[in-house]
Q: 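The structure that follows is given in the form of structure tokens.
When a ligand or atom number is given, it counts from 1 through the structure's own listing order.
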Amino acid sequence: MEVRGIGTPRLEWVGDCLVIGLFEDAIAFTEELTELDQKLAGTLTELIAETEFKGKEGSSAIARVGGGSAIRKIAVVGLGKPEALKLESLRKATAAAIRLSKKEKCKTLGLSLPLGHNEAALTAQALAEAIELTLHQDTRFKSDTENKETKLEQIDLLGLAGQEDSIQRARQICAGVVLARELVAAPANVVTPAFMAETAEAIAHEYGLELTVLEKAECEKLGMGAFLGVSLGSDLPPKFIHLVYRPTGTPRRKVAIVGKGVTFDSGGLNIKPTGSGIEMMKTDMGGAAATLGAAKVVGLLKPDVEVHFISAVVENMISGRAMHPGDILTASNGKTIEVNNTDAEGRLTLADALVYADQLGVDAIVDLATLTGACVVALGENIAGMWTEDDAIAAQLTQASELSGEKFWRMPMEEKYFEGLKSVVADMKNTGPRPGGAITAALFLKQYVKDTPWAHLDVAGPVWTDKEYAYNNAGATGFPVRTLVNWIFAEGSGGEG
Ligand code: BES
Ligand code: MN
Ligand code: ZN
């Protein structure tokens, strides 16, 4: 399938399906559209009237065009209100156009959408991202992989001639998103800690990144008792992954991305009961998957920023050797933790990963983790939580997420709630009371970062979707690889600088 930007006017485009983006409540035709409508013997006005098409975001309609025309079908996709037009509206419209043309068995598609952000490059990138991500289908675990659907062969982005670089950039970014999706979607009997380490090795080898994988003994030497405590119940050895991308020349910034990598979370001895979604806990390495996805993109795009990709990868299981509820672990910064719940394992693995990242002397750390069900309860499945005391990082991440369309909501780092983690016997417990569970999780992590500017992203909701929406098909979404990439590339993606 080929995607290209072309300068051909809508009136002259030839192919199976021409898709036109229309704003809500502003279906008034330009001269050019009136001319197109006349050329199509009024099919466009009829389609809009018959389907009561109003231009609402995500809506679409399609009609067959009578014989002898240069196009077989004409479709309209809604863009919502013009003043609210975002790159994300264009991605959604593109996804709607793709789904429609696949259903209608079109091989060639002409996509005519307005510019977002008044910028051809960003628009072409957004459209190409939506195309790649909507068309990505994961059939690795199906025995019948023969695709009987009509395949789209050519997609023309009208009005976006000369945007090949943006389209290429979108492809490279989506390669990272797809890697994250595939790691999350694959089951825990495939994606083990060793598999994650091998994936990091493949990235290091292919793009020339530096890789260190700390084995259990080395983690012991570093005193990573919190991370290793989680690994005790599993037969699979833990792997501490540290990938480094160093630009040629002096880096403009140094940042670290730390992802939770629990390849399966049974809950440990505080085992997850049936109905708790235990069978979905293969997705508990979504943070690490996005970290490796971002590493792949960084390897491809080569920014002038030094980036450390870190994950303490482990499986949370039960056995005669598993940590007991009530065990006291000592993290690599010397703090002791009373494990009052073995199912709050993510923060234990992140504690040692954050201490490690903090010692690298980077300008900023962002961690991402499928950390709490409480965050999903608070924000739903499509919005991730963001905790940081650093307004500069919050602003950078917010801007990065506005460009990517991946949603975050800043949450309070309410110091007072740390009281809920007070332990009689150790420095802290790993879980507090149920109310504010996502906040106490963030406060727990805070104990392991000294003074590097830091943000914590709880992505438990958005890494997976049970039904398709926008450019996500049902399954793993690859959230938030594109936000991470935007953040890495952002001006001054460090602390205050
Ligand atoms: N991996 C889970 C969080 C999670 C829940 C991710 C649902 C995706 C969907 C995490 O390790 C966990 O079990 N958290 C507990 C914390 C509790 C024991 C304080 C939770 O959220 O219930
Ligand atoms: Mn858990
Ligand atoms: Zn977990």
Side-chain angles (χ1 to χ4, degrees), residues 184-185 188 191 193 196 226-227 229-234 238 258-290 311-318 322-327 329 337-353 367-385 387 411 417-418 420-421 423 428-445 456-466 475-477 479-480:
V184 170
V191 176
M196 291 294 279
F227 168 46
V230 178
S231 76
L232 293 175
S234 172
V258 179
K260 171 176 171 182
V262 175
T263 58
F264 186 74
D265 180 12
S266 72
L269 281 164
N270 292 104
I271 195 163
K272 287 183 184 292
T274 301
S276 66
I278 187 173
E279 71 284 1
M280 286 312 297
M281 282 303 132
K282 65 173 184 180
T283 65
D284 213 16
M285 30 57 76
S311 186
V313 192
V314 70
E315 205 186 32
N316 188 24
M317 298 293 278
I318 45 179
M323 63 176 171
H324 319 86
D327 277 3
L329 306 174
I337 305 157
E338 180 190 359
V339 181
N340 62 334
N341 192 324
T342 60
D343 198 11
E345 83 299 335
R347 61 196 78 181
L348 296 173
T349 68
L350 287 166
D352 284 323
D367 82 67
L368 51 153
T370 50
L371 203 61
T372 67
C375 192
V376 188
V377 171
L379 298 174
E381 291 189 321
N382 298 344
I383 306 172
W387 281 261
M411 303 283 273
Y417 291 0
F418 190 68
L421 294 177
S423 163
M428 69 197 83
K429 297 189 291 192
N430 70 333
T431 60
R434 255 169 69 85
I439 299 176
T440 43
L443 288 168
F444 178 93
L445 297 181
H456 158 59
L457 308 174
D458 194 330
V459 297
V463 298
W464 184 269
T465 179
D466 285 328
T477 59
F479 189 100

Q: Tell me, which protein residue and heavy-atom name are nearest atom 19 (C) of ligand 1, and how many Å apart are they?
A: T431 CG2, 3.4 Å
Q: Is V262 close enough to the Zn ion (ligand 3) to have an N, O or S atom under 2.8 Å?
A: no
Q: Going by distance only, is there an N or O of K260 that falls short of 3.5 Å from an N or O of ligand 1?
A: yes
Q: Side chain or backbone, does K272 bring an N or O within less than 3.5 Å of an N or O on ligand 1?
A: yes
Q: Could you find the nearest protein heavy atom to atom 10 (C) of ligand 1 and give me its residue, atom name and distance?
A: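 Here the closest protein heavy atom is L371 O, 3.3 Å.
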Q: So is there a nitrogen or oxygen of D284 less than 3.5 Å from a nitrogen or oxygen in ligand 1?
A: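 Yes.
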Q: Compute the minimum heavy-atom distance from V376 to ligand 1 and say whether it is under 4.0 Å.
A: no
Q: Against heavy atoms of T370, which atoms of ligand 1 measure under 4.0 Å?
A: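 Matching atoms, with element in brackets: 1 (N), 2 (C), 3 (C), 6 (C).
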Q: Out of the N/O/S atoms in D284, what is the name of the one closest to the Zn ion (ligand 3)?
A: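 Answer by atom name: OD2.
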Q: Identify the protein heavy atom lying closest to atom 21 (O) of ligand 1, giving its residue, its atom name and the separation to 0.1 Å.
A: G373 N, 2.7 Å
Q: Is atom 13 (O) of ligand 1 touching the protein, meaning some protein heavy atom lies under 4.0 Å away?
A: yes
Q: Decide, counting backbone as well as side-chain atoms, whether D265 has an N, O or S atom less than 2.8 Å from the Zn ion (ligand 3).
A: yes
Q: Going by heavy-atom distance to atom 2 (C) of ligand 1, choose the closest among V463, D265, N340.
A: D265
Q: What residue and atom, counting heavy atoms only, is the protein's closest point to atom 16 (C) of ligand 1, and at what distance?
A: R347 NH2, 3.9 Å
Q: Between the Mn ion (ligand 2) and D284, is there an N, O or S atom separated by less than 2.8 Å?
A: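 Coordinating: no.
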Q: Looking at ligand 1, does any of its N/O atoms fall within less than 3.5 Å of an N/O of D343?
A: yes
Q: Would you mind listing which atoms of ligand 1 come within a distance below 4.0 Å of any non-hydrogen atom of N341?
A: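 Per the distance check, 18 (C).
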Q: Among the N/O/S atoms of E345, select the one at the shortest distance from the Zn ion (ligand 3) and name it.
A: OE2
Q: Looking from the Mn ion (ligand 2), what is the angle between OD2 on D265 and OD1 on D343, to the nearest 10°?
A: 100°
Q: Would R434 count as a contact of ligand 1 if the rule is a heavy atom under 4.0 Å away?
A: no
